[in-house]
Amino acid sequence: MTLTSTEPDQTTPAETRLPSILDLAEDDLIYEVSKLGQPAFRARQLWRALYHDGAPSFADMTTLSKYLRSDLEKRFTIAPFEPVMELRSSDGSTDKVLFRLPDGELIETVLMRYGLDGHRRARRTVCISTQAGCALGCTFCATGQQGFRRQLGPGEIVAQVLHMRRVIRSENAELVAGGGAKKDEVPEITNVVFMGMGEPLANYGNTMQSISVMNHAQGMNIGARHLTVSTVGLVPEIRKLAREPYQLNLAVSLHAPDDDSRSRTMPINKRYPIARLMHACRDYIELTNRRIFFEYVLLKHENDTPEHARKLAALLDGMMCHVNLIPVNPTENGPYERPEDKRTAVFREILRHAGIANTVRQEKGIDINAGCGQLRARALADAVETSS
Ligand code: SF4
């Protein structure tokens with residue numbers, strides 16, 4: 001594990017903060033540029049500089065005139081946060097970054113590299129946060145134990161991907177310069193999963209705006225099929241998402257096959273019990289003709305018995321879906337144990353026998369607390385220790 005960390009700066013006072021240009025939707029950006037007396041094509045150049053080129057500052061946008069760059073600089077900022085801690089796993093596959101937002105809130109982003117051995121389907125996946133903290137209180141999740149702080153703006157969501165893309169681009173440039181690969185052989189960011197801190201569908205508008213930016217052909221150009229939105233099961237928002245024009249992936253955090261077990265670990269189940277959630281999921285599949293990914297964190301003795309596996313198989317019978325089994329990444333103070341491989345194998349076999357497609361999620365970054373909210377919890381604990 002490698003660790004770099006910068007002393008966190010003072011929080012920027014609200015009255016001196018400039019708005020982030022990354023918070024503007026495409027129409028708003030065109031309008032802002034027109035207010036500066038510039039034609040629409042300048043807005044398109046600016047959009048491309050921000051999202052295609054990933055320029056880190058207005059000064060780097062050499063396609064724009066000096067005057068426009070200086071006008072923009074007086075009105076907006078680009079980076080809506082600064083990295084305060086960056087970790088890399090010992091196998092080099094996973095980076096985790098802790099960002100400090102201007103109001104002092106902390107969020108986490110994870111970059112996962114798959115196929116480092118030159119596999120032709122190599123992927124670079126970013127796992128992003130949509131809220132600072134989370135109100136939903138799942139008992140196995142470090143973020144859930146820290147409570148809700150605030151919603152992230154669309155720019156704060158998109159900027160996490162831009163940051164990680166810069167990391168990947170600089171690695172790729174080094175690799176190509178050293179003769180390790182040809183330019184068209186090295187992937188940029190291939191996938192984005194909305195599975196970091198927070199519940200994306202509880203920040204619906206900002207999540208959707210960030211998706212439109214990531215998916216934009218003249219910008220980041222990440223195909224909707226490579227974007228995965230995860231939810232604990234907010235039923236009205238799942239129904240709303242089914243009517244959006246994007247062919248997104250939907251991942252539903254199920255984590256238990258019956259109301260008793262699910263309500264014990266996921267308080268949201270009291271609001272949207274399993275029958276209601278499954279009804280919405282079946283409607284989603286019918287409307288979109290897309291399969292759903294069910295996430296299932298395996299907690300030893302809590303939800304990983306053969307009985308749980310049989311109930312899960314019955315619940316998902318006939319559904320167009322895929323189950324991702326995730327042996328829990330224990331949190332420091334959490335009560336849960338990771339099941340042994342043998343228990344996981346029995347669980348899988350029951351699902352497989354019932355015809356339910358499933359995989360065990362490849363573990364990444366355990367040595368850098370890559371589980372959602374673990375790094376923030378560690379940073380806060382360190383801060384408390386230092387100040388006491
Ligand atoms: S698992 Fe997701 S929804 Fe549940 S508390 Fe953690 S961040 Fe919130």
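Computation of the quantities below employed the complete heavy-atom set of this structure, encompassing side-chain atoms and omitting hydrogens, waters and symmetry-equivalent molecules. As the structure lists them, so they are numbered: ligands from 1, and atoms in each ligand from 1.
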*Can you check whether Ile356's main-chain N or O pairs, donor with acceptor, with Asn358's side chain at less than 3.5 Å?*
yes
*From atom 8 (Fe) of ligand 1 out to just under 2.8 Å, does an N/O/S atom of Cys141 turn up?*
no
_Would you say the rings of Phe81 and His163 are close, in the sense that their centroids are separated by under 6.0 Å?_
no
*Are Glu349 and Arg352 within salt-bridge range, i.e. N to O under 4.0 Å?*
yes
*Mind checking whether atom 4 (Fe) of ligand 1 has an N, O or S of Cys134 under 2.8 Å?*
no
_I'd like to know if the side chain of Arg48 reaches the main chain of Gln218, judged simply by a donor and an acceptor atom lying under 3.5 Å from each other, with no hydrogens or angles considered._
no
*Going by the atom numbers of ligand 1, which of them fall below 4.0 Å from some non-hydrogen atom of Gly198?*
7 (S)
*Which ligand 1 atoms are under 4.0 Å away from a heavy-atom of Gly137?*
5 (S)
_Which option wins on minimum heavy-atom distance to atom 4 (Fe) of ligand 1: Cys138, Gly144, Gly196?_
Cys138
*Looking at Glu337 and Arg343, does any basic side-chain N land under 4.0 Å from a carboxylate oxygen?*
no
